[in-house]
Amino acid sequence: MSPTTPDLAELLDAAVVVTLPLHRRFRGITTREALLLRGPAGWGEFAPFLEYDAQESSRWLAAAIEAAWTGFPAPRRASVEVNATVPAVPGADVPAVLAGFGDCRTVKVKVAERGQTLADDVDRVRAVRRCAWADARIRVDANGGWTVDEAERALDALGESGLEYAEQPCASLEELAELRRRMHRSGAVVPLAADESIRKAEDPLRVVGLEAADLVVLKVAPLAGVRPALAVAAACGLPVVVSSALDTSVGIAAGLALAAALPELPHACGLGTVALLAGDVRHDPLVPVDGRLPVGPAVADADLVERHRAPQERQGWWRERLRAAHAVLSPDDPDGVAAGS
Ligand SMILES: O=C(O)CCC(=O)c1ccccc1C(=O)O
Ligand SMILES: [Mg+2]
C-alpha cells in the first residue's frame, strides 16, 4: 500500500473527471473517462474500468496516490520503446490505425474478439504484416478469449506471420501451462505472456510455479503503483512488458516510470495507446515518435483538463467511486465513513 494515503476530503479537493473520445471502439467502449488527481508530487490517474468493484478499484487509487503524492522512483533510462496497438478492426482499417502510431517497430494486434472468427484474426494480422515496418515484430493479445484447443489452432494459423509472443491466449494459468506443454511437444512454439493472470502480489509465484508463461505484462494501476509493480517484477524473474490500461498521458507517464525503473527491458512496451484517443490532457501528448516515448513527470495542462471536463453527473459518479475505493484503503477515515452513511 501507499505509505501516505491522504484523507478523503483532500482527495476530493484534488479531483477532476475528464471524458476523452476514442478514434474507434476498443474493449467495447468509445469514450474513456478518467478521474485525475493533482497532488503535491504531480498528477495521478484513477480510471478503473466501469465494471470494477471498490476492492479492485482501490489498487488503481493507490497507484494514483503514489503518482500525485509520493512521486516515482529514480529512472534508469530516459526513453522507452513502445508498440503500436491494433484493436479488433477489419484488415482494411489496419493502415489507418497504424498511421496513428508513427514508426513503431513492434505491433500488438487484438485477437479472439467475441463475435469474430479466426479468419478475422488471420486477416488482421496479415494486414499488419503487409503494411507495418518491414521487419516489424508482431504480438497478439487474446485477452483470455480462447480455450486451449482454440489457442493451439489459432497460434498455428497466426504463426505464419511470425509472432513475437501471444498475450493471455486463455483465461487461466492452468490453461496457459497446458498450452505451453502442448506447443513444446509439437515443436510449434510461440512464447506466452501473462497479463490478466497477474493482478495480486502472489500471482507471479503461481505463474512461475506452474511454468505458465515466458514473460509477464505489468500494468501500474491494477498492481497498485510503480513500486508494487517493481516488486512483482522482481518476484517473477521473467522478462517484463509494461502496458497501459488505455490511459491518458497522465497514466502513461506512470507506466513509463515503471518501464524506466526496471533493471531490464527486453521488449517494446504497450504504452503507445494515447494514439487511440481522439483527445488528451497534454498539449504534447505521449504519442510515440520514432517508436519511442520520453520518460518524465506526469503532467496535465489545465486548459485541456477544462476542455475535456466530464458532465456534472459523471463528476458525481466518479467521486462516489473514489470514496468507495478510499474506504478500502483507509477503512478508519471518519470523513469516508460519514460520506458513505
Ligand atoms: O498493450 C498494449 O499495446 C495496449 C494496452 C492494451 O492492450 C490494453 C488496454 C486496456 C485494457 C487491456 C489491455 C490489454 O493489454 O489487455
Ligand atoms: Mg493484454
Side-chain angles (χ1 to χ4, degrees), residues 20 22-34 45 47-52 56-57 59-60 63 80-89 94 97-98 100-102 104-114 124-125 128 132 136-146 151 163-171 173 176 191-199 203 207 212-223 229 239-249 251-252 254-256 258-259 265 267-277 286-288 291-293:
L20 301 170
L22 290 170
H23 285 299
R24 43 178 69 69
R25 181 175 294 272
F26 187 85
R27 212 183 166 277
I29 61 172
T30 52
T31 61
R32 183 75 168 117
E33 290 179 329
E45 178 161 339
F49 295 111
L50 302 188
E51 68 274 18
Y52 288 6
E56 191 161 15
S57 299
R59 296 202 293 269
W60 296 59
V80 170
E81 189 185 353
V82 301
N83 61 271
T85 306
V86 177
V89 297
V94 164
V97 173
L98 285 181
F101 286 88
C104 290
R105 269 71 151 180
T106 301
V107 182
K108 169 158 127 180
V109 186
K110 289 287 184 179
V111 293
E113 176 93 347
R114 205 178 298 202
R124 187 178 316 113
V125 171
V128 169
R137 281 172 296 269
I138 299 178
R139 55 180 76 154
V140 294
D141 185 356
N143 291 108
W146 288 320
L163 296 180
E164 180 192 22
Y165 62 76
E167 187 170 322
Q168 202 78 40
C170 310
L173 285 179
L176 295 189
L192 301 187
D195 175 5
E196 286 86 345
S197 288
I198 311 261
R199 286 297 177 266
D203 289 344
V207 171
D214 301 278
L215 60 157
V216 293
V217 175
L218 301 186
K219 299 193 172 100
V220 169
L223 291 170
V240 171
V241 174
V242 180
S243 176
S244 89
L246 203 54
D247 312 318
T248 76
S249 284
I252 293 295
L256 288 166
L258 170 58
L265 197 65
H267 299 273
C269 288
L271 296 170
T273 48
V274 172
L276 297 171
L277 302 176
L286 287 173
V287 291
R292 303 192 74 85
L293 285 173

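Just so you know, ligand 1 is whichever comes first in the structure, and atom 1 is the first atom listed for that ligand.
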_As a test of reading the structure, name the N/O/S atom of E167 that is nearest the Mg ion (ligand 2)._
OE2
_Would T273 count as a polar contact of ligand 1, with the cut-off being nitrogen or oxygen pairs under 3.5 Å?_
no
*For atom 2 (C) of ligand 1, what's the nearest protein heavy atom and its distance?*
K108 NZ, 3.3 Å
*Does the side chain of E164 pick up a donor-acceptor pair with the side chain of T106 at under 3.5 Å?*
no
*Give the name of the N/O/S atom in D195 that lies closest to the Mg ion (ligand 2).*
OD2
_Structural part of N83 in contact with ligand 1, heavy atom criterion under 4.0 angstrom_ = side chain
*When you measure from the side chain of R124 to the backbone N and O of K110, does any donor-acceptor pair fall under 3.5 Å?*
yes
*Is the closest N or O pair between T85 and ligand 1 shorter than 3.5 Å?*
yes
*For ligand 1, is E167 a contact, meaning one of its heavy atoms is under 4.0 Å away?*
yes
*What's the shortest distance from atom 16 (O) of ligand 1 to any protein heavy atom, and which residue and atom give it?*
N143 ND2, 2.6 Å
*Among all residues two or more places apart in sequence or in another chain, which pass the salt bridge (charged side-chain N to carboxylate O under 4.0 Å, His left out) test with R105?*
none
*State the atom name: nearest N, O or S atom of D141 to the Mg ion (ligand 2).*
OD2
*So, E196 and the Mg ion (ligand 2): N/O/S under 2.8 Å, yes or no?*
no
*Taking side chain to side chain contact (heavy atoms under 4.5 Å, CB included) as the test, write out the residues that go with A151, two or more places apart.*
W146, P169, C170, L179
